[in-house]
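Every number for a ligand or one of its atoms is a count from 1 in the order of the listing.
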Amino acid sequence: MSQQVYNSLTRQKEELQTLEPGQIKMYVCGVTVYDFCHLGHARAYVVWDMVRRYLQSRNYQVRYVQNITDIDDKILKRAQQEGVTMQEISDRYIATYNEDMARLNIMPADEYPRATESIEAIIDLIKALEAQDYAYAAGGDVYYAVQKFPTYGKLSGRKLADMQAGASGRVAVGEELKRYPFDFALWKAAKPGEPFWQSPWGEGRPGWHIECSAMVRSRLGDQIDIHAGGADLQFPHHENEIAQSEGATHQPLARYWLHNGFVNIDGEKMSKSLGNFTTIRELLKHYDPMAIRLFILQSHYRQPIDFTEEAINAATRGWETIRDGLLFKHDFGDQLGWDRLAVALDQLDQNLLDRFHGAMDDDFNTSIAISLLFELAKPLKAEANKLVHSGKSDLASAVLAQTWQTLSYLSDVLGFIADPEARSNANHSNDSATVSDDQIETMVQQRCAARKAKDFAASDRLRDQLKELGITLIDQPDGTTRWHR
Ligand SMILES: Nc1ncnc2c1ncn2[C@@H]1O[C@H](COP(=O)(O)OP(=O)(O)OP(=O)(O)O)[C@@H](O)[C@H]1O
Ligand SMILES: [Zn+2]
C-alpha cells in the first residue's frame, strides 16, 4: 500500500503525493513560549516526530520546520509580572522546551524560526495582502477582510453566514475598527509600554496567524506538502493561515493538513488556560520518558487520549517489556556470541516488517505498530527468563537474533531508545546521571544548529545545561562537536 494520510481539508484519507518526488516539506505550529510544556504539548510533538521519522524511514527526505511564537499577550503578561523583558521569558521557555523534547527523544527541527526574527517577512506578506485588497489598515492596526477570500472556512467547514447567525446579536459588539466582525488582525498598533517594531502602518507588532504564513513562505516556499498542528488550531489559526497565504500567492498553501487529537483530563482538553495540566518535567520525575512516548503513541494520533495514572502506569509496564527486549543483546549477546550482530534491513523478519509498514502506511496507525513491538518483545522476555534460570533458550540463536533485530529496527523508527543505565536507575529517572547518550547527542545537535543559525544565546544556554549534566563539549575546528561525561 502506498502512504495514506488523513487530510483535514478533504476530510478523507488520501494517497500522499509530494510536490517533489521523494521530498517532503513539513511545517508544524510550535509553542507559545511563556511556561513549561505539558503532556498535551508532548503529544503534539511526539506525534509529528513519529510522522517525520516514519517518512524518513521510507526514504523521504523531510525538511521539518517548526516556529516559535515569541510575541504574544501571554508572554508579555508574564514578563510584566516578573519585571523582565519578553525575550527573557521566551528564552527561558525555549530552553525548557528543548530539554523536555530531548528527553522524549524528539528530533530537533531543521529550523526553529522565531516570530521576532521574521518581522520583515511578516510585513512583506501584509503588504502583499494590502496591495490585493485582502487587508485594510485602520488606526494603526491592519485587518484581514475575510469576506474577500471566497473559500474562507474550507478547512474547518465553517461558513461565514452560519458563524454570523450563530453569533447573533454579539457580532455587533467588538473592535469598532474592524469592518466585519470576523476580520482578524494581521498587525496591531503598539500600546504604551509594549515592545514594538516599525512598519508602514506605524509602530506595532504582528498578529499570531500571520507569523506562520510568513515563516512557511520564507523557510519552505509558497507551497508545502504537510502542515500539522493540534486539532484546536484548525480554526481559526489554520483557516486564517490559508486565507493569508493563498490570498497572497493564489496557490494552495499545503497539500495535506494533519491534526493531532487532544490529551484530555476528565473529558476536557489539558490546557494551560484551564489549569488542568501536568508538565512534562513533573511527569519525568516519576516516569521514564519512553513510557510517556509509548503512552502517547499507543493511541492513533487523531484519537483523544485520556490521561489517568492507571493508563500511564500500564504504559510504564509496557515500556519495560519493550525495553528489556531491546536490551536483549546487551544482556545476553556475549553468552550467545552475538558480538558482530547488527541491525540490517534485509535480515529482518519480512512478514513483521510488512505488517508494520501496512499499519503505518495507513495514516500512521501506531496502535497496531506498537502491538507488533510487543509481539516481538514478549518472546524475547520469555527466552531471557530461561537464559537467566537455565542458561539455555528454547529458540535457536538465529531466531532470537532476527527477533531482536526486527524489534530494534521498528522501535528505532518510532523513536524508542533503551538505555541500560536508565534501567538500573529506573527509580531515579530524573537524576542527571541517567540522561542517556542519545539525549545528550540530541542536545549537542541542537546546540550545533543554534550556532549555525548564529543564535549564540541559545547555544550558550545549551552548553550550560550540558555542563550541569556533567558533560564537557569539545568544539572541533571542522565545526563538529565532541563530548564526554
Ligand atoms: N491537550 C492537548 N493535547 C494535544 N495537543 C495539544 C494540547 N494542548 C496543546 N496542544 C498542541 O500543542 C501545540 C502548541 O500549543 P500552544 O503553545 O499554542 O499551546 P497553548 O494553546 O498555549 O496551550 P494551552 O492549550 O495549554 O493553553 C499546538 O499544536 C496545540 O494544538
Ligand atoms: Zn501556526
At what distance, to the nearest 0.5 angstrom, does OG of Ser367 lie from CD of Gln298? 8.0 Å

Quick check: closest heavy atoms across Ile292 and Ile312, and the distance to 0.1 Å? CG1-CD1, 4.2 Å

With respect to Gly229, determine whether any N or O atom, backbone or side chain, lies less than 3.5 Å from an N or O atom of ligand 1. no

Residue and atom name of the nearest protein heavy atom (relative to atom 24 (P) of ligand 1), distance in Å to one decimal: Lys272 N, 3.4 Å

Looking only at protein heavy atoms, which one is nearest to atom 3 (N) of ligand 1, and what is the separation? Val263 N, 2.8 Å

Round to 10° and report the angle made at the Zn ion (ligand 2) by SG of Cys29 and SG of Cys212. 130°

Side chain, backbone, both or neither: which applies to Val28 and ligand 1 if a contact is any heavy-atom pair less than 4.0 Å apart? neither

Nearest protein heavy atom with distance in Å, relative to atom 12 (O) of ligand 1: His41 CD2, 3.3 Å

Any nitrogen or oxygen of Thr32, main chain or side chain, under 3.5 Å from a nitrogen or oxygen of ligand 1? yes

re atom 30 (C) of ligand 1, the protein heavy-atom contact at minimum distance is Asp232 OD1, 3.6 Å

Distance filter under 4.0 Å to Leu233 heavy atoms, resulting ligand 1 atoms: 28 (C), 29 (O), 31 (O)

Select one of side chain, backbone, both or neither to describe which atoms of Leu274 lie under 4.0 Å from any atom of ligand 1, heavy atoms only. neither

Just checking, is any N or O donor in the side chain of Ser213 or Glu241 under 3.5 Å from an acceptor N or O on the other one? no

Given the ring of Tyr6, does Arg302 sit roughly above its face, with NZ or CZ under 6.0 Å from the centre of the six-membered ring and within 45° of the axis? yes

Which ligand 1 atoms does Lys74 reach within 4.0 Å, using its non-hydrogen atoms? 22 (O)

Taking the inter-plane angle between the rings of His209 and His237 on a 0 to 90° scale, is it parallel (under 30°), tilted (30 to 60°) or perpendicular (over 60°)? tilted

Arg281 with Glu99: basic N within carboxylate O range, under 4.0 Å: yes

Between Trp187 and Asp141, is there a side-chain donor-acceptor contact under 3.5 Å, judged purely by atom types and distance? no

Cys37 near ligand 1, heavy-atom distance under 4.0 Å? no

Among protein heavy atoms, which lies nearest atom 29 (O) of ligand 1, and at what distance? Gly230 N, 3.0 Å

Have a look at ligand 1 and work out which part of Val31, if any, has a heavy atom under 4.0 Å from it: side chain, backbone, both or neither. both

Does some side-chain heavy atom of Ser2 sit less than 4.5 Å from a side-chain heavy atom of Gln17? no

Is the cationic atom of Arg158 (NZ for Lys, CZ for Arg) positioned less than 6.0 Å from the six-membered ring centroid of Phe235 and within 45 degrees of its normal? yes

The Zn ion (ligand 2) and His238: any N/O/S contact shorter than 2.8 Å? no

Under 3.5 Å: N/O of Ser271 near N/O of ligand 1: no

Is it the case that Arg219 places NZ or CZ above or below the six-membered ring of Tyr27, under 6.0 angstrom from the centre and within 45 degrees of the axis? no

Quick one: which ligand 1 atoms are inside 4.0 Å of a heavy atom on Asn260? 4 (C), 5 (N)

Options Pro304, Gly40, Ala44, ranked by nearest heavy atom to atom 2 (C) of ligand 1, top entry: Gly40

Met270 to ligand 1: N or O pair under 3.5 Å? yes

Axial cation check for Tyr64 ring with Arg52, 6.0 Å and 45° limits: yes

Any Pro252 side-chain heavy atom under 4.5 Å of Gln223 side chain: yes

More than 12 heavy atoms of other groups within 6.0 Å of Glu15 CD: yes

Would you say Gly30 and ligand 1 have an N/O pair spaced under 3.5 Å apart? no

Which residue and atom name correspond to the protein heavy atom nearest atom 27 (O) of ligand 1, and how close is it? Ser273 OG, 3.1 Å

For Lys269, run the side chain to side chain contact (heavy atoms under 4.5 Å, CB included) check against Asp232, Val263, Asn276 and tell me which one passes. Asp232

Among Lys269, His259, His237, Glu268, closest by heavy atom to atom 21 (O) of ligand 1 is Lys269

Ligand 1 contact on Tyr45 by region, counting heavy-atom pairs under 4.0 Å: side chain

Just give me the atom name: the N, O or S atom of His237 closest to the Zn ion (ligand 2). NE2

For Gly261, take its heavy atoms, then give the atoms of ligand 1 lying under 4.0 Å from any of them. 4 (C)

Between Ile224 and Leu19, which heavy-atom pair has the shortest distance, and what is it? C-CD1, 3.6 Å

